[in-house]
Protein chains: 2
Amino acid sequence: MKNIPRKTVDRALIYIRTLDHLIKEKRYLVSSKDLALITGISDVQIRKDISNFGKVGTPRIGYKTAELNKTLKDFVLQENVVHVALFGVGHLGTAMLRYPGFNEDNIKLVAAFEKDKSKIGKKINGVRVYPVEMAPKIIKRTHADLGIVAVPASHSQEVADIMVLSGLKGIVNFAPASISVPKSVLVKDIDFTIELLSLFCNSQR
Amino acid sequence: MKNIPRKTVDRALIYIRTLDHLIKEKRYLVSSKDLALITGISDVQIRKDISNFGKVGTPRIGYKTAELNKTLKDFVLQENVVHVALFGVGHLGTAMLRYPGFNEDNIKLVAAFEKDKSKIGKKINGVRVYPVEMAPKIIKRTHADLGIVAVPASHSQEVADIMVLSGLKGIVNFAPASISVPKSVLVKDIDFTIELLSLFCNSQR
DNA sequence: GTCTAATCGTGAAATTTAGAACGATTGAGA
DNA sequence: TCTCAATCGTTCTAAATTTCACGATTAGAC
């Protein structure tokens, strides 16, 4: 992957998701204008994004859904299956374990970690729950790439430390608190409160 | 609120969250450098963001936590309590209903809507579950501002249509599919698959 | 075969956002 | 009182991202 802008990569994932859906509906062709209508992203933006990955469209016609999908996937996903470890098996953690979307996509939850002894040892949706102390060992054994923080904010930093120590390269942090990690580890914060308040603020102007 | 950059508003919410925490710890003063260490945002960025809201810091000293917090809140939140309606009471929806963070913050879940009759009429964590058809009426009665889509992708558009019809001004969409709404309605998409894949792609370079 | 309308792809302009540099201010200590 | 070091706030610069304008291409109609 060369110098593809970060935001283009993120949008490519949206295009892939959309194309997967169109292909399932037996749709063979799609134009940047069609994609714009579906995704809400402008057609120019879409064409420019796609042009990063080569000339794959046909003027007057548009893009072949299957071909475009393959091109995008080859660039951004490269047939990888992403192995993910979950920390925290509360309500949110359990919802992640039961999330139906992961199976179809390139994501596999490989292990869950939890403090509460009553949950340890169980299997939820095929994923075993381990004590947090076993994380480094299990994460190495399962080749997990990424981690999810679904513990209370009061424990998010200590969990993050374990994740870094275990060699995870990226973290989705649902705890409503910032976590400190080396800059080689990427963090995506998803604070439900902030997401809602941000929407509200931006809708007020 | 004047011409404050969108990203500055989003970061202000992070500062507020951080300051809330510091104040709870009886911390009286904080510098931009301190905040940078905690949040991972650069100190320059933080000072520049804050300067949008007035001169509230003291050179050589930093910011008074309580004062800065109040200034930020006055600008971006204005003491509002945001009323939110939830659509879909599956695993994720239930996790949202039980999410502990909302109570402390300016967010109140006012109603939940669900198709499955076995769930309708129940109260979860104090929030009543209604049939989807009642949404327009209940949303008006409860003065809901925002909505959360926590239904399967196959029904996300029809739920979004109801939300728009009901007058909601912003939507957090957890369904892994784009939804079409008038541009007066803001949408924040949170697709767990895409969040993870994005992290993975970006960690690979 | 030619024309045409639709669509792609791209280079340049405009906008947004982040970063760097630096002067201004302030409290503390000699 | 004077100096100094820390920190704020602001202006300018640079980078990233989006938007615009337009040429290039192509399938299909005639």
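Predicted, not measured: the structure shown is a model, and the values here were computed from it.
Using cut-offs of 30° and 60° for the angle between ring planes, the B:F102 and A:F192 rings count as tilted.
Note that CG of B:L72 and CD1 of B:I14 are 12.0 Å apart. Values are rounded to the nearest 0.5 Å. To the nearest 0.5 Å, atom CG of residue A:L109 and atom CZ of residue A:R98 are 12.0 Å apart. Once rounded to the nearest 0.5 Å, the distance linking CD1 of A:I23 with NZ of A:K64 reads 13.0 Å. Here NZ of B:K137 is found 12.5 Å from OG1 of B:T142. Values are rounded to the nearest 0.5 Å.
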Legend entry - Nucleotide-resolved protein contact map, nucleotides 1-13 of chain C, B/S/- at heavy-atom distance under 4.0 Å: ----BBBBBBBB-
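Within the structure, salt bridge (charged side-chain N to carboxylate O under 4.0 Å, His left out) contacts touching residues 49-58 of chain A (residues at least two apart or in different chains) are A:R11-A:D49.
Nucleotides of DNA chain D that come within less than 4.0 Å of any heavy atom of chain B span, from the 5' end to the 3' end, D:dA5 to D:dC12.
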Inset, instruction - Walk me through it: do A:N69 and A:T65 pass the test side-chain hydrogen bond (donor to acceptor under 3.5 Å, both in side chains)? - result: CA-CA 6 Å; A:N69 203 26; A:T65 50; over 6 Å; no
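By the 4.5 Å heavy-atom criterion applied to side chains, B:L68 and B:L19 are counted as neighbours.
Separating the NZ atom of A:K7 from the C1' atom of C:dA18 is a distance of 12 Å, rounded to the nearest angstrom.
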